[in-house]
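All heavy atoms count here, side chains included; hydrogens, waters and symmetry mates do not.
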Amino acid sequence: MDRTGRPDGGAPADPATEAFVAHRNLLFTIAYELLGSAADAEDVLQETWLRWAGVDLGTVRDRRAYLVRITTRQALSRLRALGRRKESYVGPWLPEPLLTSPDVAEDVELADSVSMAMLLVLETLAPTERAVFVLREVFDLAYDEIAEAVGKSPAGVRQIAHRARVHVAARRPRGTVSPSETRAALEAFRRAVETGDVQGLLDVLAPEVVLLGDGGGVRQAVLRPVTGADKVARLLVGGLGRAAGAVSLRPAHVNGHPALVFRLDGALDTVVSVRVDDGLITGLYAVRNPEKLSRMGQETALRR
């Protein structure tokens with residue numbers, strides 16, 4: 001199956017293929033929000049297609065709901081397996097960054113739900129809680145639809161949704177931050193890093209800022225969270241000063257928000273996303289694992 005969802009990429013589409021292609025971006029977005037991994041989300045879509053291709057469409061009243069149900073079930077199964085893989089992961093595990101078009105940011109709720117900061121909050125939920133929260137709060141599915149997708153009663157889903165909302169509310173970013181505010185913080189951060197200006201970094205980093213790095217054991221990265229503006233600033237300036245090559249930092253839209261792409265001698269090295277609260281950077285998320293940077297070559301379409 002090619003990335004359009006068609007089995008061979010060229011044959012005339014049958015009704016099953018047409019329905020799958022029509023909802024593919026939605027299904028990918030659901031799978032990605034449940035997994036935080038584009039590679040695993042693509043695998044879920046492959047599994048969804050295989051099951052969908054064998055369904056008698058005459059028995060399906062709502063094709064979109066049916067596809068969402070298959071995707072959710074497959075993603076939940078993979079999420080539980082992914083949890084076991086994360087236990088042996090070297091260093092912090094960060095979601096896979098996606099290069100996204102500026103229009104994703106225009107849907108504020110969607111952009112918030114796929115931000116690196118929010119995906120990390122979702123990581124703290126149990127698999128079923130995560131699925132219920134995403135399907136209800138992001139995609140606005142009815143409780144009975146969610147119940148069919150996760151194998152619970154509608155009443156049970158309501159309880160899970162309430163519990164998940166309380167959990168997320170206590171951990172999510174404190175308020176909506178405009179793209180311009182994030183860009184301003186990132187620009188100040190970029191200038192300070194490029195010039196080795198420690199004080200400039202201290203001015204834009206919140207005192208309690210946390211830096212997480214994901215090298216996956218393949219690339220050098222911090223193995224534990226680094227907390228505190230002074231420690232983070234000196235680590236960044238010192239690390240960049242030791243870089244073996246020409247370093248460039250360029251802005252990009254990543255997961256619906258402004259971010260920075262670090263290149264070393266022109267080659268993609270690191271994607272840095274941020275969490276901004278009250279104009280200051282409170283979270284820095286640096287992904288260096290090459291296996292997680294494959295979606296930075298072209299924009300990924302995300303839909304609700």
Side-chain angles (χ1 to χ4, degrees), residues 25 29 32-33 36 38 92 94-122 138 172-195 197 200-206 208-214 221 226 229 232-233 236-237 239-240 247-264 266-289 292-304:
N25 291 341
T29 306
Y32 176 73
E33 292 207 25
L94 291 176
E96 187 175 345
L98 305 178
L99 185 67
T100 51
S101 60
D103 70 309
V104 172
E106 295 174 6
D107 185 337
V108 176
E109 290 185 1
L110 176 61
D112 175 64
S113 71
V114 297
S115 70
M116 196 68 69
M118 187 60 178
L119 289 173
L120 286 172
V121 172
L122 295 180
V138 181
R172 72 188 310 165
R174 291 191 284 269
T176 301
V177 179
S178 69
S180 61
E181 189 176 358
T182 302
R183 279 194 296 271
L186 267 177
E187 178 58 22
F189 174 83
R190 183 186 67 80
R191 286 197 306 267
V193 170
E194 286 184 328
T195 59
D197 181 1
L201 279 173
L202 293 175
D203 290 341
V204 75
L205 297 176
E208 72 281 8
V209 64
V210 177
L211 166 66
L212 298 176
D214 182 341
V226 179
V232 170
L236 290 170
V237 171
L240 203 61
V247 175
S248 70
L249 289 74
R250 295 290 181 268
H253 281 275
V254 175
N255 289 57
H257 292 269
L260 286 176
V261 174
F262 283 55
R263 293 187 180 273
L264 189 60
L268 178 60
D269 182 84
T270 308
V271 173
V272 177
S273 300
V274 298
R275 170 173 169 171
V276 175
D277 291 290
D278 300 323
L280 297 176
I281 296 174
T282 57
L284 281 162
Y285 315 109
V287 179
R288 299 196 71 205
N289 184 348
K292 293 188 175 183
L293 299 179
S294 63
R295 304 289 291 216
M296 291 300 297
Q298 67 182 72
E299 292 178 353
T300 296
L302 300 175
R303 296 288 182 273
R304 284 203 296 163

Report task. Could you give me the CA-CA distance, side-chain angles and deciding distance for V274 and F189, then say whether side chain to side chain contact (heavy atoms under 4.5 Å, CB included) is met? Result -> CA-CA 10 Å; V274 298; F189 174 83; 5.7 Å; no

Query raised in the report: When you look at T282 and V209, which way does the side chain to side chain contact (heavy atoms under 4.5 Å, CB included) test go after all the steps?
Result: CA-CA 4 Å; T282 57; V209 64; 5.5 Å; no

Query - Steps toward side chain to side chain contact (heavy atoms under 4.5 Å, CB included) verdict (V272, L249) - result: CA-CA 10 Å; V272 177; L249 289 74; over 6 Å; no

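Evaluation of the side-chain hydrogen bond (donor to acceptor under 3.5 Å, both in side chains) rule for D214 yields Y89, K292 as partners, not counting sequence neighbours. Under the side-chain contact (heavy atoms from CB on, under 4.5 Å) criterion, A117 pairs with S115, P173, R275, Y285, not counting sequence neighbours. Annotation: salt bridge (charged side-chain N to carboxylate O under 4.0 Å, His left out) contacts of R190 (sequence neighbours excluded): E187, E194. By the salt bridge (charged side-chain N to carboxylate O under 4.0 Å, His left out) test, R172 pairs with D112, sequence neighbours left out. Listed by chain and number, the residues in a side-chain contact (heavy atoms from CB on, under 4.5 Å) with S294 are E96 (sequence neighbours excluded). Legend: residues meeting side-chain hydrogen bond (donor to acceptor under 3.5 Å, both in side chains) with S178, ordered by chain and number and at least two apart, are S180. Under the salt bridge (charged side-chain N to carboxylate O under 4.0 Å, His left out) criterion, D107 pairs with R304, not counting sequence neighbours. Under the side-chain hydrogen bond (donor to acceptor under 3.5 Å, both in side chains) criterion, D103 pairs with S101, sequence neighbours left out. Looking at residues two or more places apart in sequence or on another chain, you find a side-chain contact (heavy atoms from CB on, under 4.5 Å) between D197 and A192, T195, Q199. In terms of the side-chain contact (heavy atoms from CB on, under 4.5 Å) criterion, P251 has no residue partners (sequence neighbours excluded). Qualifying side-chain hydrogen bond (donor to acceptor under 3.5 Å, both in side chains) partners for T182, counting only residues two or more places apart in sequence or in other chains: none.
Looking at R295 and L99, their side chains never come closer than 4.5 Å, going by heavy atoms from C-beta outward. In this structure the side chain of L205 reaches within 4.5 angstrom of the side chain of L284, judged on heavy atoms. At least one side-chain heavy atom of L212 sits under 4.5 Å from a side-chain heavy atom of L120.
Of all the heavy atoms in A301 and N25, the pair that sits closest is CB-ND2, 3.6 Å. Shown here for A188 and V204, the closest heavy-atom pair between the two residues is CB-CG2, 4.0 Å. When all heavy atoms are compared, the tightest approach of A105 to G256 is CB-O, 3.4 Å. A pairwise comparison of heavy atoms in P258 and P179 identifies CG-O, 3.8 Å as the closest pair. Taking both residues in full, the closest heavy atoms of P92 and G213 are given as CD-O, 3.4 Å, listed atom of the first, atom of the second, then distance. Taking all atoms of both residues into account, the shortest heavy-atom contact from V271 to P97 is CG1-CB, 4.0 Å.
With rounding to the nearest 0.5 Å, the separation of CG in N289 from CG in L94 is 10.0 Å. With values rounded to the nearest 0.5 angstrom, L293 atom CG is found 11.0 Å from L98 atom CG. Interatomic distance, CG of L264 versus OG of S248, reported as 8.5 Å (0.5 Å rounding).
Of the candidates R263, R288, R250, R288 is the only one forming a salt bridge (Lys or Arg N to Asp or Glu O under 4.0 Å) with D269.
Between the side chain of E181 and the backbone N or O of G279, at least one donor-acceptor pair lies under 3.5 Å. A distance-only check finds a donor-acceptor pair linking the side chain of T29 to the backbone of R303 [under 3.5 Å].
Screening residues 252-261 for side-chain hydrogen bond (donor to acceptor under 3.5 Å, both in side chains), with sequence neighbours left out, gives Y32-N255.
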